[in-house]
Structures are given as structure tokens and as C-alpha cells.
Amino acid sequence: MAGTLIVALDLDTRDEAERLVAELGDTVDFYKIGYQLFYGGDGLNLGKALLASGKRVFFDLKMLDIDNTVEKGVAAIARTGATMVTVHAYPRTMRAAAKAAQGSNLTVLGVTVLTSMDDADLAEAGYARDAAGLVALRAEQARAAGIGGIVCSPNEAEMVRGIIGSSMAVVTPGIRPAGAAHGDQKRVTGPAEALRAGASHLVVGRPITAAASPRAAALDILAEMGGAKRVA
């Protein structure tokens with residue numbers, strides 16, 4: 001299984017995002033809209049327009065609030081027809097999100113530990129576990145909560161796949177092809193390596209959006225993904 005490429009539209013404006021989508025054309029059919037575009041660039045309406053055009057949309061909102069607020073927020077996203085949405089992988093939050101998504105085609109993803117964080121960052125934040133240990137705990141809790149998948153770094157994909165089984169999505173940001181700058185990402189791997197470890201969806205932003213030719217960059221990544229064979 002080659003996996004699915006999701007391009008992160010981490011751009012300031014809807015116009016920029018639409019130009020990129022037009023350039024990528026039929027090369028990519030799945031896009032992530034996060035804080036930058038959702039709050040500052042008409043990202044919600046862009047997402048609806050992409051959905052209407054037959055694209056798939058992942059609203060990366062990392063919801064965390066009281067149960068009722070999370071439930072209402074996830075229900076609102078479900079009504080757009082979106083494919084995926086993120087919540088922080090806290091048990092009550094995931095249970096509220098799972099309840100809200102029932103009966104829809106929305107996959108709720110639990111964000112475990114951000115790929116920009118390492119063990120030292122978690123210690124500074126007051127966690128007594130290392131990154132791998134915290135990811136493992138939250139993967140177990142996500143499975144118990146009944147949500148559709150997990151967001152983790154590709155470094156933990158194999159471990160997470162072993163915990164949650166084959167039916168849930170393992171979505172990995174922090175994908176950097178050979179030669180690409182890591183930027184603010186600390187726990188990264190290449191596309192084929194992530195898929196071999198058990199990832200089902202790869203989120204790629206700057207290696208495509210900042211490339212001289214985004215379409216060529218996307219095609220290169222898709223070619224690498226197509227050559228990967230997932231671990232058993």
C-alpha cells in the first residue's frame with residue numbers, strides 16, 4: 001500500500017492556497033488546512049470550496065476544551081463534509097469528538113506529541129514521560145476512545161501501528177525527503193521510511209509549498225511513496 005499524500009496549505013491567504021492547488025492540479029487531491037489559513041486566510045470557506053470540487057480536506061485544528069465545546073466544534077466540522085479533523089489526544093476530548101463524529105464520514109485524529117517537540121521539551125512542559133512513552137499512552141487511549149486515527153511523528157509510526165492495529169489511520173507530519181531542511185521539526189524521516197513503519201497518511205508542507213516547482217516536488221514524493229512496502 002503506497003499511502004496517501006496530504007499537502008499542508010500553510011499559507012497566509014486563500015489566493016496563495018488556490019494558486020498552489022491549481023498548480024498541483026490532479027497530482028494531489030488531499031489538503032490540510034491549519035491555524036494559519038483557517039483563522040487568517042478564509043480557510044474554512046476554502047475548505048468547503050475544495051470539498052465541493054471533489055478534493056479531500058483535513059482541518060488541523062487541534063481542539064482542546066470542555067467536552068461540550070469539543071463536541072459542538074467537531075459536529076460543525078463534520079457538517080462541512082471534511083475528511084479529517086484533529087483534537088488533542090486527551091481521553092475526554094477524544095471521547096467527546098468521537099461522539100460528535102458518529103454517523104458522519106469525518107475521521108477524528110488524536111494529536112499525540114507535536115513533531116517539533118523532543119524529550120527535553122516534554123520535560124520542560126512538566127511531563128514525566130519521554131516522547132515515545134507519551135505517544136504510546138495516547139495511542140492506547142485513542143483506541144479506547146473509538147476515534148479514527150492518530151497523529152504522531154514517523155519515528156513512532158511502527159510502535160503506534162502495533163498498539164492501534166490496522167484499522168485506524170496513522171498520520172505523520174515531519175516528513176522530509178532527502179536533502180530537505182528540517183526547519184523546526186525535530187522528529188522526522190523520509191516518505192518511504194514512514195510508510196514502511198506503518199504510516200497511512202503523510203503530511204508534507206514546506207518541501208512542496210516552498211519548492212521552486214511544487215508539482216515536481218509532489219511528484220517526486222509520490223514516486224518515493226510508491227516504492228515503499230509497509231512493514232507487516
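Count residues from 1 along the sequence.
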Test of understanding: clusters of I, L, V, M, F, W, Y form through side-chain heavy atoms closer than 4.5 Å, transitively. Do [X] and [Y] belong to the same one?
{"X": "L219", "Y": "L202", "value": "no"}
{"X": "I208", "Y": "F30", "value": "yes"}
{"X": "I33", "Y": "L51", "value": "yes"}

Taking C-beta and beyond as the side chain, do [X] and [Y] meet within less than 4.5 Å on heavy atoms?
{"X": "K32", "Y": "D10", "result": "yes"}
{"X": "R56", "Y": "T4", "result": "yes"}
{"X": "L46", "Y": "E18", "result": "yes"}
{"X": "S153", "Y": "V113", "result": "no"}
{"X": "V151", "Y": "P173", "result": "yes"}
{"X": "T107", "Y": "F58", "result": "no"}
{"X": "V135", "Y": "I150", "result": "no"}
{"X": "R129", "Y": "L122", "result": "no"}

Exercise answer: donor-acceptor pairs, residues 80-89 side-chain atoms, under 3.5 Å, sequence neighbours excluded:
unit_1 : atom_1 : unit_2 : atom_2 : d
T80    : OG1    : I77    : O      : 2.6
T80    : OG1    : A82    : N      : 3.2
T86    : OG1    : D60    : OD1    : 2.7
T86    : OG1    : L61    : N      : 3.0
T86    : OG1    : K62    : N      : 2.9

Check your understanding: Can you check side-chain contact (heavy atoms from CB on, under 4.5 Å) on N155 and T189, steps first, answer last?
Key -> CA-CA 7 Å; N155 293 352; T189 66; 3.0 Å; yes

Practice item. List for me each residue that meets side chain to side chain contact (heavy atoms under 4.5 Å, CB included) alongside E16, sequence neighbours excluded, and say none if there are none. Key: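 Only L11, D12, T13, R19 meet the side chain to side chain contact (heavy atoms under 4.5 Å, CB included) criterion with E16.
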
Revision key, fill the gap. The ring-ring contact (aromatic ring centres under 6.0 Å, His included) partners of Y39 (sequence neighbours excluded) come to Y35

Exercise for review: Tell me, with the steps shown, if S200 and R161 meet side-chain contact (heavy atoms from CB on, under 4.5 Å).
Suggested key: CA-CA 10 Å; S200 57; R161 179 60 71 196; 3.9 Å; yes

Point to revise | Residues D65 and R92 bridged, charged N to O under 4.0 Å | key: no

Review point. Does the pair R138 and Y90 meet the rule for a side-chain contact (heavy atoms from CB on, under 4.5 Å), with working shown?
Key: CA-CA 7 Å; R138 289 181 169 172; Y90 288 85; 3.5 Å; yes

